[in-house]
Structures are given as structure tokens and as C-alpha cells.
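Report on the following structure.
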Protein chains: 2
Amino acid sequence: MDRRITKKDDDASGKERPTLKTLAFMTGLGVTTVSRALKDAPEIGAETRRRVQLVAKQIGYRPNRAGVRLRTGKTNVISLVLNTEHELMSFVSDIIYGVTEVIADTPYHLIVTPYSRSQDPLDPVRYLVETGSADGVIISRTQPNDPRARYMLERGIPFATHGRTDMGLVHPYHDFDNYAFAGEAVSALAAKGRNRLALVTPPVGLTYFRYTVNGFADALSEVGASEVPFNTVSIDHTIEQIRMRTAQLMRRDDRPDGIISSAAAATLAVVAGIEDAGLKLGRDVDVVSKQSSEVLHLFRRELLVVNEDFRLAGSELARAVLGWIAGKEPGSLQSLSKPSEVLSYRG
Amino acid sequence: MDRRITKKDDDASGKERPTLKTLAFMTGLGVTTVSRALKDAPEIGAETRRRVQLVAKQIGYRPNRAGVRLRTGKTNVISLVLNTEHELMSFVSDIIYGVTEVIADTPYHLIVTPYSRSQDPLDPVRYLVETGSADGVIISRTQPNDPRARYMLERGIPFATHGRTDMGLVHPYHDFDNYAFAGEAVSALAAKGRNRLALVTPPVGLTYFRYTVNGFADALSEVGASEVPFNTVSIDHTIEQIRMRTAQLMRRDDRPDGIISSAAAATLAVVAGIEDAGLKLGRDVDVVSKQSSEVLHLFRRELLVVNEDFRLAGSELARAVLGWIAGKEPGSLQSLSKPSEVLSYRG
DNA sequence: TTGGCAATCTGTAACGTTTCAGTATATTGG
DNA sequence: CCAATATACTGAAACGTTACAGATTGCCAA
């Protein structure tokens, strides 16, 4: 038998990172046994199992990710796919922290996969799937008919979407109830006697655009207020555009006396536009805005705000993907978070 | 010779992801040759090389990351280590985009490694190094004597710091010139006739705290202004704390007539505090603030701002780490970015 | 006693890559 | 024409892991 001495037949010696082989040598067992003992396989004796696990803990054994990944295809990676131009700053930061919170005591790593305006949003997803770079994917900016969700569903790769789809396909998601948000906002404005309302919408094409618009429309007719169309901007537009167009709008005779804004950054611009037009917040017009951190009341106390928790969204999305990976039913991994009340400034 | 038929001696057939073996079969060459041809090794014939590369491109060959990593130890991963409590929102989002911009056309992936208040900041770094999870690391919240930098230097793992150290050790960094920022800010306030100045500092303990404080002090004596101590807050404090203590400060007889703030979020609180005390920005007091996105002038036009570009920081840091990995001299991978002028509101 | 079987444990192969140590063929110098 | 050498290529081994197909032992029923 050709038993050549190779570089590392000695083992368990130096500073090298311990492997299964190291553990096998130390325990006097075979590599296979050690491997199985560590994952509580049933055909390993109870004492052996305990012994192996003890030694493993003692010497700080950590499975080699490359080894596992090569052999099993499991990457232990979750990828968060982000648009580098249009995501909100607070969204990026909070959602990342939400995700990391959940995966902190799992073997998972979080990788951030960006794509830019010019690219097809499907590109990064295709890349991830084709190269098998992740066990699960989280996407945002979800559309009613979302090619990315369809693609991943076809390939059978677990994912969760921030925002719902509307394709008759079931998959995990987390969403903020923007229908309820818009409704609450309208009610709050109506309660202040405002009845000519304008809406700064989410990006056209995304699912939550629809929910917001529908919530707005339904509540309008319920409280008997009317809409002042303001279709020239969405929260994807630049600060300058929103500001300018708001100013234009507010200089018209048929200007709104109430505005609802779907994002804090847009609200800054909206207020600037209002003031550019020589009007005063709280007197001439009231504004209800979503925000994801407590800044708007510092900005203008007259603002009415509704909070959306992106860190929660990140956690929920991570939980959903991990759940799917673990074999749970996709349909059971959907969550909707209710908006806070409409809050006005409190001293 | 024992040549058993194994599962996949046929090849180049179906939908499977192509490997070197696939390429070898298609080109009629050995796996070794293909491997070397793809990385332009000199001992491969020019035509063979071209042929292999052509076929590889045609069928969309991508090296298997796990294979490479297992064999070579190269992970093709850069890790960004972030504090989940104290990083600024804009920092997280912009720096991530800056990094991804640079690594976009490299094989590198970006993983985000978080740590929380309770943890030793060294923990995540130790984890990364011990498990060999990244080829390069980017850290923020750098301290003059930074254990993380020292640790990584000892282990020989490439890294870059956002902010400088002061340990007599040389390593790549990117920093914003906060000494210059504080100096410019003082000058701008002095030019407005302000001469009793307070400073909302960076977090005590971080290197850029020192630069900021020194720039502030030096400029004060240069313009002949005096400092109103305001050591009870830093930008790490909560909005509420900063607001309350600013209000307290501004109610004192010896209140400052100029304030310099090291971060936009803190500035919102500072202004709120000023107004809580019944004072008016621009009349009773002027404020100069750093910001990383154009929001402060929407907030209060009277604010004076200096811009810091975190996306640039991300790019520079990524370039620095990649440079070090590629073998460049650490000392040549240091950059300092100059602050913009102090900008006042323009229409 | 023997065959069967459960309980434990083990060696080999394979995942895809790169490196090492060759091999085969053509080319050159003498 | 031979040996030396350069050129172009190749198989085997190894990285660390897990799955598969045994192997060994002890025990029990017949």
C-alpha cells in the first residue's frame, strides 16, 4: 500500500486552525465520526458525542466555510440586494442592522449586493443565483409583477421581499401597511379641517405605490375630501425637483391645504417648497409624513408624523428568509406592520 | 488500473454550472492547462490561451468561490465592521455604496460585520481573522491607540481605517481633515463677529475628536475668540440629550454666540435646543455644521455647513484595502480629504 | 452454535481549485 | 546525430467537509 508521508500527517500540533482531522486525532476517532458527532447524528454513541463536542469547544473548532460550501453547496450567506441610487439612507442603515441582529447568532454572513440605475434589477439576482453565492436573498423596491421574485421562485432559491407582489405567487415578505398609513393621514388632515389633499407618492411602479394611492383614495371619499393631483413628483425625485414642484403647486389658486408625504427626505423638500411659496405650515397647509427616525419634529414642529420601523423590517425579512431556508412554508412567513398613530409634536 | 465509472465522467452536457473540468473536456485539454490558461500563465501557448479564454467566456465560466477559497485561502471578501448603535445613518449607507462602487468590477464581495455597544470592538475583528473570513477589513470609529489596528497588523491581514491612528504604526487609512474643518468653522463664525464659541465634539476617544478639538483651539487663538466649554455632549449622545443640554447652555449668561457641530443629526438637536431657549438662529447665535447630505439648508437657512463625503470615504477605503491586498505599500495608501468651504444658504 | 441485527464507528470519494512534479515533443548547440 | 534544453502540456495530491457504503462488535433468537 502506497502510504506516502504527506506534509501534514502530524497534526494537532501548532498554531494552525483546528479541523476535523485535528479533532479526530485528539479524540482518537475517525474524521467521519467526529463530523457526525458534531451535528448530533443518531448513530453516534452518547458519550462519544459529548466527548467530541467538549473537545471541539475547548480548542475552539469552527467548521471551515469553504469546505462546507464546496461539499454541500451551502454558503451560509444571506444577500441583501440594494439599489445604489434610490434607497433611502435610513432604510439602508436600519435594514442592515435589523438583518444582522437576527443572523448574529447563526452561522450566516450578510453580503450586500448593489445595483445601479442603469442596470436591470434582475442582474444582481441572476448573478447570485447563477453563481450560487447565497442561500437566501432579500430584495426591496418590490413591484406588483416582480421579475426577480418570479425568477427566484422558478429557481427555488429562498428569498423575502420588502413589499408585497401581486402575481398570484406566494412567497415570504414583510411590508408596511401603506394603505392604512394613507388612510390615517387623510383622517388626521380631515380632523384639522383640511379637505383638499395632495399626495407625494412612493415611486410609481412599486407595489406600495398602489397601496398608498388606494388608501389615499378610499379615505378621501370616506371623509369627503378631494384630491389635488400632484403626479409630477414621487419620493424618488431629487430634493430640488420636489421642492420646485411643490412651490409651483402651492402658488396655484387651487392649491391643497393638506399634503401627505411618503418619506421624510421628501418632506424636507415639500416644506421648503411650501415656504418658498410664502405659505406657512400649520396655518395654510398641514403636512403628514412618514419617517423612519425621529427627525421631522425637530425640523418643523407643525409636522404630523407616522413612524415606520425599518430595523423591524430588516429583522422580519431575515427571519422570513431563514425560515424558508429551514423548510417552513413560504406562506407562513409573511408579515405586515401597522403604522403608528399620526403623531403631532409633543414638547 | 482501477478506473471506476463515477457519477459524472460524462460532462459538458446539461444545465450544470461549468467548471474547469467542463472547460477541459470542451477544449480537449487538461484541467491544469485550462486553469493556467485562464490566469495568463506564461507556460501556456498563446493560441491555447486564447482558445480557452474564448470558450470560457462563451459558456460563462465563473470560478467556484468555494473551490478557490478552500485551495488558496483567498476569500475574495472585504468586510466592513460597523457599530450597530453609534454609526451615523448616512455614514452606513454612503460608505457601503462607496465601497461597492469600487469592488463592483472585481471578484470581491462585501460582507457587513456588526458589533454592538456591549461587545468589545475587537471581537468582530478577531472573529474575522481567526476564521479567515475576509481578505481585507475596513473599520471605523478609529482610536489613536486602536487595538484592532494593532491586532490586524500583527496578524498581517490587510485593512484600512476610517480615521487615523497614532501608535507609530503605518497602515492605510482615509480621513476627513477635521482639524481644517474646525479651523474653517471658527474663521467663518469670527467673520460674522462671533467670538464666544462652543463645540459639539465627535465621540471622545476617537482620533478625530482630537483633530477637531485641536483645530478648534488653534483657530480660536488665531482669531482671538474664546471657547465656551460644552463638554457634556458629543455627537454620540441622543437627540434628546443634546437638545436639553444645548438649551441649558443657551440659557446661561455666558452663553456662546457661535456653535460648531460635528454632525448633522446633532445639529438638528442643537438648533432645537437653541430655540427652546427662546433664541434665534442667525441673530443670537450662528451654527456651523458638518453634513454628509444636503439637508441642513432645508432645515434652517441660517445654518452654515461644511460637506463631508462618505461615499468618497468608502471608495477610498476600498481602494486602500484592495491596494494592500495587491501588495502595495501600506504607507502609500493613506488619504486625507479636505473639507469644502463653509457654505451658507444660496436661494 | 449460528445467523441476524442493531449499534457504532470508519475509509473512500467527491465537491472545484491550484500547485508540484513530471512527461512528451520540438529546438538548439556542438 | 546526440544530448541538452526550452516549450507546452498533464496527472495526482491537497485544501476541509459530508455522503455512501461498508466494517466491527456484541447480543439475541432459533
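Every chain is numbered from 1, with letters handed out A, B, ... down the list of sequences.
The side chain of A:Ser35 places an N or O atom within less than 4.0 Å of a non-bridging phosphate oxygen (OP1 or OP2) of D:dT18. Considering only side-chain N and O atoms, B:Thr72 lies nowhere under 4.0 angstrom from the phosphate OP1 or OP2 of C:dT19. Within the 4.0 Å cut-off from OP1 or OP2 of D:dT18, at least one side-chain nitrogen or oxygen of A:Lys39 is found.
Nearest to the side chain of A:Pro63, among D:dT17, C:dG16, C:dT17, sits D:dT17. Comparing C:dC15, D:dT18, D:dC9 by their closest approach to the side chain of A:Val68 singles out D:dT18. In this structure, the nucleotide among C:dT10, D:dC9, D:dC15 sitting nearest to the side chain of A:Thr33 is C:dT10. When distances run from any side-chain atom of A:Thr48 to the nucleotides C:dG16, D:dT17, C:dC9, the shortest one goes to C:dC9. With C:dC9, D:dT10, C:dT17 as the choices, the nucleotide that has an atom nearest any side-chain atom of A:Ile44 turns out to be C:dC9. In the set C:dT17, D:dT10, C:dA14, C:dA14 carries the atom at the smallest distance from any side-chain atom of A:Arg71.
When side chains are defined from C-beta on, B:Ile138 does not count as touching B:His162, because their heavy atoms never get closer than 4.5 Å. Using a 4.5 Å cut-off on side-chain heavy atoms (C-beta onward), A:Arg148 and A:Pro121 make contact. Residues B:Val129 and B:Tyr151 have side chains in contact (heavy-atom distance under 4.5 Å, counting atoms from C-beta outward). Side-chain contact between B:Asp146 and B:Arg150: absent, with no pair of heavy atoms (C-beta onward) separated by less than 4.5 Å.
Looking at heavy-atom distances under 4.0 Å, A:Gly67 makes contact with a base. B:Leu20 comes within contact range of at least one nucleobase, with a heavy-atom separation under 4.0 Å.
The interatomic distance linking B:Glu16 (CD) with C:dA14 (P) rounds to 16 Å, in whole Å. As a whole-Å value, the separation of B:Glu43 CD from C:dT19 C1' is 11 Å. If you measure from atom CG of A:Leu29 to atom C1' of D:dA23, you get 16 Å, rounded to the nearest angstrom. One can place CZ of B:Arg69 at 13 Å from C1' of D:dC15, the figure rounded to the nearest angstrom. Rounded to an integer number of Å, the gap from B:Arg36 CZ to C:dT17 P is 15 Å. One can place NZ of B:Lys74 at 17 Å from C1' of C:dG16, the figure rounded to the nearest angstrom. Between the P atom of D:dA8 and the CZ atom of B:Arg49 lies a distance of 9 Å, rounded to the nearest Å. The distance between atom CD of B:Glu47 and atom C1' of D:dC9, rounded to the nearest whole Å, is 14 Å.
Ranked by how close their nearest DNA chain C nucleotide is to the 5' end, B:Asn64 and A:Val31 are led by A:Val31.
Under the 4.0 Å criterion applied to side-chain N and carboxylate O atoms, B:Arg319 and B:Glu316 are assigned as salt-bridge partners.
A side chain to side chain contact (heavy atoms under 4.5 Å, CB included) with B:Phe159 is found for exactly one of B:Val321, B:Leu153, B:Ile325, namely B:Leu153.
A:Thr32 contributes a side-chain N or O that forms a donor-acceptor pair with the base of D:dA19 under 3.5 Å.
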